[in-house]
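Proteins get letters first, then strands, A, B, ... in listed order; numbering begins at 1 in each. Note that this is a predicted model, so its numbers are computed, not measured.
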Amino acid sequence: MTAIPKAYEPAASESKWYSRWLESGCFLPGSDSNAETYSIVIPPPNVTGVLTMGHVLNNTIQDILIRRARQAGKRALWIPGTDHAGIATQTKVEKELRQEGLTRHDLGREKFVEKACEWRDTHGGIIFEQLKRLGASCAWERNVHTLDEGYKNAVLHTFVELYKRGYIYRGLRMVNWCPASLTALSDEEVIMKPCKSHLYKMRYEIAEEPGQYIEIATTRPETLMGDTAVAVNPEDERYKHLVGKHCWRPFPRAQIPIIADAAVEKDFGTGALKVTPAHDPADFEIGKRHDLPTIEVIDEHGILNENAGEDFAGMDRAKARKVAAKKLEELGLLIATEDHDNNVGFSERADVLVEPRLSEQWFLRYPKVEESKDAVKEAMIRFWPKRWEKTYLHWLNNIQDWCISRQLWWGHRIPVWYRKDADRNDPQNIHVSVEGPTDPENWEQDEDVLDTWFSSWIWPFATMGWPNEEAMQTHELSKFYPTSDLVTGPDIIFFWVSRMIMAGLEFMGPEKETLTPEDIQARMPFKNVYFTGIIRDIQGRKMSKSLGNSPDPLDLIAKYGADGLRFGIMSIAPQGQDILFNEDCVAQGRNFCNKLWNACRFRQMSGEMADNSSIEAIAKRMDAKFFDEDDHAILGQLTQTLDAVNKQLNEYAFSMATQTLYNFFWGDFCDWYLEVSKTKSPEHKATSFAVQDLVIRQLLLMLHPFTPFITEELWHLLGYGPEDSFIQNASPGTAEGLSTALNTCGITLKPEALTTVEKLRECVSKLRAIKAQYNLGAKKDINFFYTADEADHACISAHTEKLKSMAGAASLTRTDDVKEAPASITPLGTFYIDLASAVDIEAEKTRLNKELEKLKGLILSAQKKLENKSFTDKAPEQVIAGVQKQLDENKAKSEEIIKLLGSFTS
RNA sequence: GGGGGAUUAGCUCAGUUGGUUAGAGCGCUUGCAUGACACGCAAGAGGUCGUUGGUUCGAAUCCAAUAUCUCCCA
């Protein structure tokens, strides 16, 4: 046994234990095939990403769950991995190329992908090292990346299967186009932001009635060159006479028809809508219904092209808006420019205005939508907190086909080949397979890659080897799927959670049109989804690089230790509420660890360590006849804590569990039990040490999922486990289990001891308070007198040493009557300080009167309650008894005060 | 426009089916080197639980309005 240093030094301990854990392979699921399994798949971070506070929260929770499962003896598997983050990574690589004056096209596809791989391999994987610093106990040997060979095949297989099953199709559609990344985006990747824009009101001349005009309102005058109609609502009386006629589009000047379409809102603007089928989704639909021509005037970069006329060609869309408005004004066609608030789509990654653009893309009609709803509605998959179910169901109820193709080179290239120089609309000329055609020289592959989310929606089973039979065997998919818990943020409920559910239901069983509840149960990817809050700064802003308001978790670890960071963040993470992060909580976590360290250090310093190898070994060191109320109480509180923490963790109430542990350890164990144990007589010491050892043992076990490093360190320092075994191999167990173990060793806990201890504690607190009031706080030689009934007197006598030591008293003497002395009414009688002559009688009277007033209020409200017949008839007995007890106590106290006041003669 | 969430001490937040005197940490005030811990110990100040109604013997808690903030969807 080594002596414990004065302050806990996390750094050395953390690196030591992490490498020992890795060496031993203890993060891998054991081989006991009878054991229950438990599994989690990590939400794959971006391969080139670095650890954020969000990751800290999310992965600490996963680590708590997996470590707890391991302690419970389950075969626990936490699969780590990363995704390739198509747009983000490609953008970074292209940026690097630009510094060399190159574009990806200069390199060509093959070279570019090579370069991107290189870039990923040098910059990637940092996050794994960071997660290790945090203590994450992932099965690193099982690390998966979405572009790994096996995983890649799984992604392509998914595409091919869904294509065969009729869920995937290619079509010319209006999509969300990102002019910065030059790719289509899914609806989910578009962020709507409120913008201060303008509503331009302009007029087009009626061709058939020169001099007559139709007024049109638009927020986008820069697209008017692509207008191919003006539309009004068929019910709109104002315009009925114009439908079927034409008006003049001012530039390039051309006649366009005035049509009627129900999609036009009568009340918006002027009720007349300019129709630009190439640049607006709603207009596109109108165009299809009325067979309108489609004129593209904005190119893929957001620049106007030659169709817009020579005045506009080559101009950026933002500038074109101003120029178009000016031109309208010059032509006398602009009637008004009004301020207008609207919501405009921005691309999630590049944060630029998304341009609706007509293009050929691949779409997925989602499979198993109804079953996915049922899985959650029927609580086969449970959401924590439950309210996210609404968001999930709402999305599924309004689900739109998913645009899965991206115009990128970094990702999974779509496994579709077209016969060279042949009609692509003829199915004969399309080949879809994972391997590709056998005569590749006659085919050309689709240029696009798949959305990154298309690779991560199969994460729960593709990480376990699917669809390769052999790999599924070695990875034990049949044992670890469905996974147990998923921990993620609600911001990716659509991107990821719902899609994983659909993918699981579609693929984790034979192809089937509709599923039974049993099928759903067997196929669903996880049983519980815990949604974390979003970490914000103290002003409530999201943490972001650009704001610079996000602390680097590694700095925090260096400053406070990984355990401090983990405990701190868990203590402020309320269930499903956003978190305002403040470094103070990490300091508190660090302080907690240091307190734990010192409690153990104190135990080690106060007496020889003995056999701590098991609960029974420790219990055998206890002698029931040396048990006092404090021993009973602390062990009783320990059992309560065991059950409370188990219950809280079963309900994912992490911050509550930290609170429970904190209160028990700091409040009950350190502040009281350890302190009173200092006064124990020599023959009581051995038993008291055993009690301390037992409490510390169970505490370390309960704390281990939260603070793995320090608990492992102390576990070994105090000799709880053999050298070659880890704390993860022991379970904190339950209250019942502990009581039984104690019983068999001849210890039966007395629950009523807790009441006595509460009285003693309150009594001590009162004595300290009255000392402090008279500035005697630091003095230990105060003589107290007290009046008490026989029962209280007996209790005081039994605990005299304890009371004296804790309150800082030289003596406690029972007496009949004391006059003109400061007094305090405690649950064990009225205590007087003997300094009669020095007392400021007036001040003492004021103090007592103040207390009396407060008591009077309490007495009155209790009396009123008890006199109320409805209350006594209807309230539960316990509540009535409680009020009665409170009333009696307060009455006694107030009588005591009145007596004290009477004792002041002046 | 639709939906979710929040509103409790100076700050950040607990408060689990309504029930005994509404709690914690930080901060603040005062005192303290006490058989481990100043990353500590002790004592204390500080709250009309956003507002208004309602249900109830009883409301921070349930219901309805309302205000403010926030998120998501359209």
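In this structure, A/R603 is positioned above the aromatic face of A/F689, its NZ or CZ under 6.0 Å from the six-membered ring centre and within 45° of the axis.
Using atom C1' as the reference point in both B/rC39 and B/rC26, the two lie 14 Å apart (nearest Å). Annotation: B/rA9 and B/rG15 have their P atoms spaced 15 Å apart (nearest Å).
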Could you run down the sub-3.5 Å N/O contacts of the protein with nucleotides 37-41 of chain B?
| residue | atom | partner | partner atom | Å |
| --- | --- | --- | --- | --- |
| B/rC37 | O4' | A/N598 | OD1 | 2.9 |
| B/rC37 | O4' | A/N598 | ND2 | 3.3 |
| B/rC37 | O2' | A/N594 | ND2 | 3.0 |
| B/rC37 | O2 | A/K595 | NZ | 2.8 |
| B/rC37 | N3 | A/K595 | NZ | 3.0 |
| B/rC39 | O4' | A/N591 | OD1 | 2.8 |
| B/rC39 | O2' | A/N594 | ND2 | 3.1 |
| B/rC39 | O2 | A/R590 | NE | 3.3 |
| B/rG40 | OP1 | A/N591 | ND2 | 3.3 |
| B/rG40 | O3' | A/K595 | NZ | 3.1 |
| B/rC41 | OP1 | A/K595 | NZ | 2.8 |
| B/rC41 | OP1 | A/W666 | NE1 | 2.6 |

What N/O pairs connect the protein and nucleotides 71-74 of chain B at under 3.5 Å? Give each pair on its own line.
| residue | atom | partner | partner atom | Å |
| --- | --- | --- | --- | --- |
| B/rA74 | N6 | A/N343 | ND2 | 2.4 |

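A salt bridge links A/K559 with A/E583: the closest approach of a Lys/Arg side-chain nitrogen to an acidic carboxylate oxygen falls below 4.0 angstrom.
For A/H684 and A/T687, the side-chain atoms include no donor-acceptor pair closer than 3.5 Å. For the residue pair A/E713/A/S13, the side-chain donor-acceptor check at 3.5 Å is satisfied. Of the N and O atoms on the side chains of A/Q648 and A/T660, at least one donor lies less than 3.5 Å from an acceptor on the other residue.
Ring pair A/W715/A/Y720: centre-to-centre distance below 6.0 Å. Between A/Y652 and A/W384, the distance from one ring center to the other falls under 6.0 angstrom. When ring centroids are compared, A/F784 and A/Y832 stay outside the 6.0 Å threshold.
Residue A/K390 places at least one side-chain N or O closer than 4.0 Å to OP1 or OP2 of B/rG4. Side-chain nitrogen and oxygen atoms of A/Q588 include none within less than 4.0 Å of the OP1 or OP2 phosphate oxygen of B/rC26.
Candidate nucleotides B/rA24, B/rU12, B/rA36 were compared by shortest atom distance to the side chain of A/Q659, and B/rA24 ranks first.
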